[in-house]
Protein chains: 2
Amino acid sequence: MPFDGKAFIIGGMALHHHHERGGEDLLKAAKATLQKAGEQWTDMRAVIFDVLAEHSKPASAYDIADLVSRRRGKRVAPNSVYRILDLFVTTNLARRVESANAYVANSHPGCLHDCIFLICDECGIATHLDNDDLSASVREAAQVAGFVNLRPMIEVRGKCSNCD
Amino acid sequence: MPFDGKAFIIGGMALHHHHERGGEDLLKAAKATLQKAGEQWTDMRAVIFDVLAEHSKPASAYDIADLVSRRRGKRVAPNSVYRILDLFVTTNLARRVESANAYVANSHPGCLHDCIFLICDECGIATHLDNDDLSASVREAAQVAGFVNLRPMIEVRGKCSNCD
DNA sequence: CGAATAATGATATATTGTAACCTTCGCCGA
DNA sequence: TCGGCGAAGGTTACAATATATCATTATTCG
Ligand SMILES: [Zn+2]
Ligand SMILES: [Zn+2]
Ligand SMILES: [Zn+2]
Ligand SMILES: [Zn+2]
């Protein structure tokens, strides 16, 4: 098996390799990941994932509800969107950006690690970083403090180079 | 001048020393810091800071509005609380915990650095960590990516040792 | 097929966050 | 002293985000 990306070790988990995906490729990967988790890849879920993946910046559940409603020609209530977004987050198909109350599609579903997001105050775009040393240090600090079931969130608000 | 704490250098800023404060001491430090920033230490602000500092876990603006209303025997609108919390955050008297939509008093006002919060999903208590190496690395990663005016947020959700 | 389970729809409500405009009060110069 | 000015807070209205509950439809599986 060819090694086509960076390597990750998280909290004693197995080794992963990393493959950033997009477009049709990403859709397929998301579907496979969700199904491997024993969940159904329904029309609604496919549309929501697609809308999220196409969106250039973190999207709120309400943004997504609007976009999906338009695409389906029929109103989809935010609570349905929330349900599916929650599922996506727990199955690693999407991430919640806490400082923006919004969600982004995970460009590497199936690859479990802590992501770092840089969010521009100006244009709202979120840049996705991966830095295993960094996230491992954060996890370790929390573990030393006696925490378990860790879910680190590392986000940096600021102004991106385009908007500067 | 005695050196009574850890040392910090952040983003080329001057050296600080660190002194965790509480009770009357913390109140005084907050007042001094706010006034040094050219802002008034009013009754309302004093009460809100006190309520926040006494609160054992991150408090929402609405929590604070209730507590302050009770203490003053007169309704204080969340609106007013938000205004003052925003001021506190910009002047470093308080921090916003993004993953909890809530605020904590800064135990070291006047001492500028990035804090790490560990928030327990169970009891809601936020443990405050400082780790300069870690936060410096986060800042550097964002800077390398071309971001400026950085405001890192490092939070870890999980379960604390008490609740485990 | 038919029961059990999963997914979504519909509606209501809770929680969090802003905007706009008004009143009060302290401060300062005419 | 008077009147203007600006900061702080009050009041009201509303927007944005999130959850709860129950009904309905779709899937799974024996
Ligand atoms: Zn990542
Ligand atoms: Zn930007
Ligand atoms: Zn700190
Ligand atoms: Zn706990």
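All values below were derived from every heavy atom in this structure, side-chain atoms included, with hydrogens, water molecules and symmetry-related copies excluded. First the proteins, then the strands, lettered A, B, ... as listed; each starts at 1.
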Name the atoms and distances for all side-chain donor-acceptor pairs under 3.5 Å in residues 34-48 of chain B, with sequence neighbours left out.
unit_1, atom_1, unit_2, atom_2, d
Thr42(B), OG1, Arg45(B), N, 3.2
Arg45(B), NH1, Gln40(B), O, 2.9

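Listed by chain and number, the hydrophobic cluster partners of Ile116(A) are Leu118(A), Leu129(A), Leu134(A), Val138(A), Phe147(A), Leu150(A), Ile154(A), Val156(A), Ile116(B), Leu118(B), Leu129(B), Leu134(B), Val138(B), Phe147(B), Leu150(B), Ile154(B), Val156(B), where partners are ILVMFWY side chains within reach of under 4.5 Å, directly or through others. Within the hydrophobic cluster formed by Ile, Leu, Val, Met, Phe, Trp and Tyr side chains joined at under 4.5 Å, directly or through other members, Phe117(A) is accompanied by Val97(A), Val104(A), Ile119(A). Cluster note: Val144(A) groups with no other residue, as no ILVMFWY side-chain heavy atom lies under 4.5 Å from it.
Protein chain B contacts DNA chain D over a range whose 5' and 3' limits, counting nucleotides with an atom under 4.0 angstrom from a non-hydrogen atom, are dA7(D) to dT12(D).
Shown for residues 118-127 of chain A: no residue has heavy atoms falling under 4.0 angstrom of DNA chain C. Of the residues in residues 58-68 of chain A, not one comes within less than 4.0 Å of DNA chain C through any heavy atom.
Nucleotide dA12(C) holds its P atom 13 Å from the CG atom of Asn79(A), rounded to whole Å.
In this view, Asp63(A) satisfies the salt bridge (charged side-chain N to carboxylate O under 4.0 Å, His left out) rule with no residue, not counting sequence neighbours. In terms of the salt bridge (charged side-chain N to carboxylate O under 4.0 Å, His left out) criterion, Arg72(A) has no residue partners (sequence neighbours excluded).
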Derivation and outcome, side chain to side chain contact (heavy atoms under 4.5 Å, CB included), residues His128(B) and Ser107(B): CA-CA 9 Å; His128(B) 170 190; Ser107(B) 52; 3.4 Å; yes
After noting the C-alpha distance and the side-chain angles of Asp66(B) and Arg70(B), does the key distance pass the side chain to side chain contact (heavy atoms under 4.5 Å, CB included) rule? CA-CA 6 Å; Asp66(B) 284 347; Arg70(B) 233 164 281 167; 4.0 Å; yes
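Note on residues 46-59 of chain B: pairs passing side chain to side chain donor-acceptor pair (under 3.5 Å), not counting sequence neighbours, are Asp50(B)-Arg71(B). Within the structure, the side chain to side chain donor-acceptor pair (under 3.5 Å) test picks out the following pairs touching residues 73-100 of chain A (sequence neighbours left out): Ser80(A)-Arg83(A), Asn92(A)-Arg95(A), Asn92(A)-Asn106(A), Arg96(A)-Glu98(A), Arg96(A)-Asn101(A), Arg96(A)-Tyr103(A), Ser99(A)-Glu155(A), Ser99(A)-Arg157(A).
The base of dT15(C) is not paired with the side chain of Asn101(B) by any donor and acceptor separated by under 3.5 Å.
Taking CG of Asn131(B) as the reference point, atom OG of Ser137(A) lies at 7.5 Å (rounded to 0.5 Å). Put simply, OH on Tyr62(A) and CG on Leu67(A) are 14.5 Å apart, with the number rounded to the nearest 0.5 Å. In this structure, CG in Leu93(A) is found 11.5 Å from CD1 in Ile84(A), a value given to the nearest 0.5 Å.
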Kindly give the atom pairs (protein nitrogen or oxygen, nucleotide nitrogen or oxygen) under 3.5 Å for nucleotides 6-8 of chain C.
unit_1, atom_1, unit_2, atom_2, d
dA6(C), O3', Gln40(A), NE2, 3.4
dA7(C), OP1, Glu39(A), OE1, 3.3
dA7(C), OP1, Arg45(A), NH1, 3.2
dA7(C), OP1, Arg45(A), NH2, 3.4
dA7(C), O5', Arg45(A), NH2, 3.4
dT8(C), OP1, Thr42(A), OG1, 2.4
dT8(C), OP2, Arg45(A), NE, 3.2
dT8(C), OP2, Arg45(A), NH2, 3.4

